[in-house]
Amino acid sequence: MDPHARNSVAECLRQAHALGLARVDAQILMLHAMSRPLHDRAWLLAHDTDLMITAQQHSWDQALQRRLQGEPVAYITGRKEFFGLTLNVDARVLDPRPDTEILVEWALELLPSGQPSRVLDLGTGSGAVALALQHQRPAAQVTAVDASADALAVASANAQRLNLPVQCVLSHWMDAVPGQFELIVSNPPYVAEGDPHLADLTHEPLQALTSGADGLDDIRQIIAQAPSRLAPGGWVLLEHGWDQAAPVQALLREAGFVQVQSRRDLGDIERCTGGMLPACRVHETLTGSNPSIQCMHDPV
Ligand code: GLN
């Protein structure tokens with residue numbers, strides 16, 4: 001297409017299709033170029049013969065080029081919808097995935113409304129999970145942690161803009177976080193170093209993606225720290241890779257968690273695994289042969 005030409009909305013969308021762009025990506029980039037709300041796809045249908053003005057055409061051309069070079073749509077628009085919130089995102093943080101909403105839904109099942117449950121989101125990135133939980137459970141005390149000051153700046157700017165009282169803490173996992181929690185959630189880095197899939201993710205921060213040779217280094221650290229930081233009966237919920245449900249379940253059981261289970265994502269892949277720290281005290285008898293166990297299995 002002539003770079004100086006002004007085209008209709010429909011012509012531009014056809015151009016994107018011919019270049020191999022996913023339809024939904026092209027639609028969102030077009031709404032961005034036209035300064036429309038990104039969910040307003042009905043507008044595109046009603047305005048497909050509209051001729052773009054020069055600035056809009058320029059914005060579209062630039063967006064198209066960036067997307068063709070593999071940049072996530074969210075970085076180009078600077079925004080991403082997540083669990084009903086519009087987050088500002090850029091290359092300092094992972095592009096929040098719709099699959100991560102599964103983690104939020106599971107967390108909400110464990111968090112009764114109206115109670116001041118203490119919730120910790122480890123590796124918060126844009127703040128997506130922490131902010132969604134705080135938005136849904138206003139009475140909860142949500143702490144969002146990241147080891148990247150850059151990421152934490154994005155999360156706390158989102159918290160401020162959305163007026164959600166999430167506390168943002170710079171910390172490597174729980175190292176610098178005080179207190180105990182009823183719920184720990186995390187979408188940590190979990191891609192194995194050298195995974196060929198990383199070739200498609202070059203625009204996102206590598207430190208938010210990879211975690212050692214098998215992708216489980218960070219999950220191992222979180223599971224090792226969690227029992228000492230959870231209140232009795234508290235839960236830890238972790239997002240992980242498509243083939244990691246079994247090892248994550250094993251790690252949780254080894255660390256003493258019970259009710260260990262996994263949840264499937266939108267593509268029917270086991271994507272999140274969690275467990276509860278038992279509210280049990282094991283009292284060994286003097287002989288040690290007949291331990292009596294007292295449990296109160298009240299989830300969060
Ligand atoms: N789910 C992302 C991907 O594989 C990775 C996110 C992560 O490492 N936490 O595209």
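Along the sequence shown, residues carry numbers from 1. Counting convention: from 1, in listed order, for ligands and their atoms alike. These numbers come from the heavy atoms of this one structure, side chains and all, not from hydrogens, waters or symmetry mates.
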Item to complete: Tell me, with the steps shown, if Arg97 and Glu204 meet salt bridge (Lys or Arg N to Asp or Glu O under 4.0 Å).
Response: CA-CA 12 Å; Arg97 315 298 205 246; Glu204 295 182 82; 2.8 Å; yes
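When hydrogens are left out, the protein atom nearest atom 10 (O) of ligand 1 is Arg97 NH2, 2.9 Å; that is the closest non-hydrogen contact. Protein heavy atom at the shortest distance from atom 1 (N) of ligand 1 is Tyr190 OH, 2.7 Å. Scanning all protein heavy atoms for the shortest distance to atom 4 (O) of ligand 1 gives His197 NE2, 3.2 Å.
Near Pro188, meaning under 4.0 Å from any of its heavy atoms, are these atoms of ligand 1: 7 (C), 8 (O), 9 (N). Near Leu94, with a cut-off below 4.0 Å to any heavy atom, the atoms of ligand 1 are 6 (C). Distances below 4.0 Å separate heavy atoms of Leu209 from the following atoms of ligand 1: 5 (C), 8 (O).
Within the structure, side-chain hydrogen bond (donor to acceptor under 3.5 Å, both in side chains) pairs that include any residue of residues 219-229 comprise His172-Gln221, Asp175-Gln225, Asp214-Arg220, Asp217-Arg220 (at least two apart or interchain).
Not a single ring-ring contact (aromatic ring centres under 6.0 Å, His included) links Trp173 to another residue, sequence neighbours left out.
Classification of Asp150 and Arg92 as a salt-bridged pair fails, no side-chain N sitting under 4.0 Å from a carboxylate O. A salt bridge is absent between Glu11 and Arg6: the closest approach of a Lys/Arg side-chain nitrogen to an acidic carboxylate oxygen does not fall below 4.0 angstrom.
In this structure, Ala208 has a heavy atom closer than 4.0 Å to ligand 1.
With no hydrogens or angles considered, a side-chain donor-acceptor pair links Glu239 and Thr100 at under 3.5 Å.
Contact annotation for Thr210 and ligand 1: no heavy atom of the residue comes within less than 4.0 Å of the ligand.
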